[in-house]
Amino acid sequence: MLIDVSDPTESLLWEVRMLGERPDIDLIVIGSGPRLASMATGADDIDRELFGLLANRTVLVYESDRRSFSKGLRRTLEATLA
């Protein structure tokens with residue numbers, strides 16, 4: 001499952017919590033670089049909790065260079081699905 005964490009909400013937190021507890025689901029996390037950087041500062045409770053939930057996960061970061069992101073996403077998907 002692919003999930004974008006760039007816009008944290010209570011619903012997104014619930015999804016990340018629930019999916020993180022399911023070993024039968026391969027979770028691929030992506031997010032906007034600037035948004036993830038601001039989340040790291042813990043601006044609010046949702047940011048802090050989501051950042052904590054993602055602490056031990058690989059997060060594919062997208063910036064303005066979509067070509068590099070697409071290549072990274074493709075490699076991650078291939079490795080996950082192999």
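The basis for the numbers below is simple: all heavy atoms, side chains too, and nothing from hydrogens, waters or symmetry mates. Since we're looking at a predicted model, the values are computed, not measured.
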Are Arg35 and Asp4 within salt-bridge range, i.e. N to O under 4.0 Å?
-> no
Locate the shortest heavy-atom distance separating Asp44 from Ile46; write the atom from each residue and the value.
-> OD1-N, 3.1 Å
Ser6 side chain to Ser32 backbone, donor-acceptor under 3.5 Å = yes
Please step through side chain to side chain contact (heavy atoms under 4.5 Å, CB included) for the pair Arg17 and Leu53, ending with a clear verdict.
-> CA-CA 7 Å; Arg17 274 189 226 110; Leu53 289 171; 3.8 Å; yes
If you look at every heavy atom in Gly31 and Val59, which pair is closest and at what distance?
-> N-CG1, 4.2 Å
Please check if Leu12 and Ile25 belong to a single hydrophobic cluster, counting links between Ile, Leu, Val, Met, Phe, Trp and Tyr side chain heavy atoms closer than 4.5 Å.
-> yes
Do you know which two heavy atoms are closest between Pro34 and Glu63, and how far apart they sit?
-> CD-OE1, 3.6 Å
Do Ile28 and Leu13 belong together in a cluster built from hydrophobic side chains that touch within less than 4.5 Å?
-> no
Report the C-alpha distance between Val61 and Leu36 in whole Å, list the side-chain angles of each, state the deciding distance to 0.1 Å, and finish with yes or no for side chain to side chain contact (heavy atoms under 4.5 Å, CB included).
-> CA-CA 8 Å; Val61 177; Leu36 291 167; 3.8 Å; yes
Going only through I, L, V, M, F, W and Y residues with side-chain contacts under 4.5 Å, is there a path from Val16 to Leu2?
-> no
Verdict with reasoning, Glu15 to Ile3, per side chain to side chain contact (heavy atoms under 4.5 Å, CB included) | CA-CA 9 Å; Glu15 286 183 64; Ile3 190 166; 4.0 Å; yes
Supply the atom-to-atom distance Arg57 CZ to Leu54 CG, rounded to the nearest 0.5 angstrom.
-> 7.5 Å
Would Leu27 and Leu50 show up in the same hydrophobic cluster when neighbours are defined by side-chain heavy atoms closer than 4.5 Å?
-> yes
Heavy atoms only: give me the nearest Val5-Met39 pair and the separation to one decimal.
-> O-CE, 3.4 Å
Is Met1 close to Asp26 at the side-chain level, that is, under 4.5 Å between some pair of heavy atoms?
-> no
